[in-house]
Amino acid sequence: MPELPEVEAVCRKLRRDVLGASIVQLRVERESVARPQSPALLETEAAGRRIEGVERRGKNILLHLSGERVLHVHLRMTGNLYVVPDVRFRPALARLWMELEGGRGLIFEDSRVLGKVHVHRVSDLDGVLRDVGVEPLSAAFTLEYFRGMAKKSGQPAKIFLMDQRRVAGLGNIYAAEALFRAGVNPRKAMRRVTAAKIARLYEVIGEVLREAMDSAAAAYEEPGRFVEGESFPCAVYDREGEPCLTCGRAIKRIAQGGRSTYYCPGCQR
DNA sequence: TCGATCCTGTAG
DNA sequence: CTACAGGATCGA
């Protein structure tokens with residue numbers, strides 16, 4: 001489900017809905033969600049604590065709890081985190097849930113069970129998140145930084161953008177969309193992309209993420225659930241064989257790093 | 001840097 | 001049935 005914009009939308013909702021709420025109990029329904037930690041650790045560490053802050057770092061969600069603890073949630077491919085009015089009526093795919101003071105439920109739902117929920121002490125956070133790179137929508141993400149990273153990377157552009165250690169938050173969809181807008185071929189080694197296109201790419205990363213954030217925020221507010229592809233109009237992602245909106249040539253799909261990459265062979269040389 | 005792996009659901 | 005899925009990690 002989520003790349004940075006969707007994770008941000010989840011965080012905004014949580015800030016509105018659960019800030020200040022106490023966790024009565026936490027229950028792990030699927031052991032692998034907690035792995036390599038134990039369900040028992042999560043259950044004892046979370047119970048009785050108050051949710052004092054909601055923070056996003058790349059695609060990581062951090063629920064700051066009282067007593068210097070942090071609940072670290074990663075939604076991976078199919079995860080979602082949201083509030084239900086009554087914890088007794090929770091969805092079948094709730095892999096972990098929390099009963100909040102007053103009877104509401106905070107649900108971690110994840111069909112594929114690739115997602116993770118861990119608990120840490122605040123003092124351990126830096127270590128846990130040491131591989132999470134710069135926030136693309138923050139002031140720390142400068143053209144100089146981006147250019148510097150690009151210059152010393154021989155990775156294909158698409159793989160580079162999805163590598164969370166440099167820029168944190170782009171995934172398969174928005175990496176492809178950014179490359180399309182910048183006219184960069186996804187297979188091109190990053191260090192060989194021209195300075196002008198690096199600058200363009202830097203620019204459109206912000207554009208794409210901001211646009212996607214707006215539509216994701218709106219989509220998540222709808223009664224019912226978020227539907228993939230309904231919110232952000234993709235120019236290339238999942239459009240194999242369809243005409244490019246700019247030049248009319250058929251969108252291509254290739255495999256990179258075990259994932260599908262979509263691009264326009266005309267616009268992205 | 002590549003492929004396998006974690007898991008399950010759904011579309012073709 | 002097979003292929004594939006908006007992610008990340010691990011070992012070869």
Side-chain angles (χ1 to χ4, degrees), chain A residues 1-11 28-37 56-61 72-82 91-96 108-118 127-133 136 152-180 186-191 205 208-209 211-217 219-220 225-241 251-263:
Chain A
M1 225 191 142
E3 298 184 29
L4 184 150
E6 292 78 23
V7 176
E8 177 62 26
V10 166
C11 287
V28 178
E29 299 284 3
R30 264 312 190 96
E31 180 261 336
S32 62
V33 166
R35 225 179 292 165
Q37 293 188 340
R56 181 190 57 73
R57 299 266 234 108
K59 300 173 195 169
N60 298 275
I61 299 169
H72 175 202
V73 180
H74 200 301
L75 305 175
R76 295 283 179 98
M77 300 273 258
T78 49
N80 198 2
L81 187 65
Y82 59 91
L93 294 174
R95 309 302 194 183
L96 176 154
F108 175 72
E109 187 182 50
D110 185 4
S111 59
R112 278 177 80 178
V113 209
L114 296 173
K116 293 291 174 188
V117 181
H118 296 142
V128 171
L129 300 174
R130 72 186 173 288
D131 287 336
V132 180
K152 61 186 180 196
S153 172
Q155 284 183 307
K158 163 83 167 350
I159 304 289
F160 175 92
L161 290 184
M162 287 184 64
D163 190 331
Q164 304 297 301
R165 292 172 300 187
R166 301 191 187 80
V167 184
L170 287 166
N172 206 32
I173 293 182
Y174 301 127
E177 294 298 316
L179 288 169
F180 171 74
R187 280 190 282 220
K188 186 103 168 174
M190 208 52 194
R191 71 163 68 95
I205 285 171
V208 166
L209 290 177
E211 287 172 31
M213 233 164 65
D214 290 343
S215 34
Y220 274 76
R225 45 155 46 92
F226 174 79
V227 180
E228 173 187 339
E230 223 171 71
S231 45
F232 185 86
C234 291
V236 288
Y237 179 80
D238 203 22
R239 295 195 63 237
E240 182 182 15
I251 301 301
K252 276 195 148 192
R253 177 165 75 98
I254 59 172
Q256 287 185 293
R259 318 285 306 277
S260 287
T261 298
Y262 300 85
Y263 73 103

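We name chains A, B, ... by the order of the sequence lines, and we start the count at 1 in each one.
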Main-chain N/O of A/Val236 paired with A/Glu177 side-chain donor or acceptor, under 3.5 Å: yes

For B/dC7, the Watson-Crick or wobble partner whose two distances fall under 3.5 Å: none

Identified side-chain hydrogen bond (donor to acceptor under 3.5 Å, both in side chains) counterpart of A/Tyr263 within the set A/Arg239, A/Arg187, A/Lys252: A/Arg187

Any A/Arg112 side-chain N or O less than 4.0 Å from OP1/OP2 of B/dC6: no

Sugar-phosphate only, base, or nothing, as touched by A/Gly258 at under 4.0 Å among non-hydrogen atoms: nothing

Spacing between A/Gln256 atom CD and B/dG3 atom C1', to the nearest angstrom: 15 Å

Under 3.5 Å: donor-acceptor pair, side chain of A/Lys188, backbone of A/Lys158: no

Atom pair distance, as rounded to whole Å: CD1 in A/Ile159 and C1' in B/dC2: 10 Å

Verdict with supporting geometry, A/Val33 and A/Val113, side chain to side chain contact (heavy atoms under 4.5 Å, CB included): CA-CA 7 Å; A/Val33 166; A/Val113 209; 3.8 Å; yes

Spacing between A/Leu96 atom CG and B/dC7 atom C1', to the nearest angstrom: 17 Å

Side-chain N or O of A/Gln164 closer than 4.0 Å to phosphate OP1/OP2 of C/dG7: no

A/Met162 CE to B/dC2 C1', straight-line distance once rounded to whole Å: 15 Å

N or O in side chain of A/Arg30 less than 4.0 angstrom from B/dT8 OP1/OP2: yes

Touch class at under 4.0 angstrom, heavy-atom based, for A/Arg35 against every strand present: sugar-phosphate

Any A/Lys116 side-chain nitrogen or oxygen under 4.0 Å from OP1 or OP2 of C/dA8: no

A/His74 side chain near C/dG7 phosphate (N/O to OP1/OP2, under 4.0 Å): no

Separation between the C1' atoms of B/dC7 and C/dC4, rounded to whole Å: 14 Å

Touch class at under 4.0 angstrom, heavy-atom based, for A/Arg253 against every strand present: sugar-phosphate

Between P of B/dC6 and CZ of A/Arg95, the distance in whole Å: 16 Å

Distance-only side-chain donor-acceptor flag, A/Ser260 / A/Arg253, under 3.5 Å: yes

Atom-pair distance (CG on A/Asp131; C1' on C/dA8), nearest Å: 11 Å

Separation of C/dA8 C1' from A/Asn60 CG (nearest whole Å): 10 Å

Phosphate OP1/OP2 of C/dC4 contacted by A/Ser260 side-chain N/O (<4.0 Å): no

Protein-nucleotide distance (A/Leu4, atom CG; C/dG7, atom P), rounded to Å: 11 Å

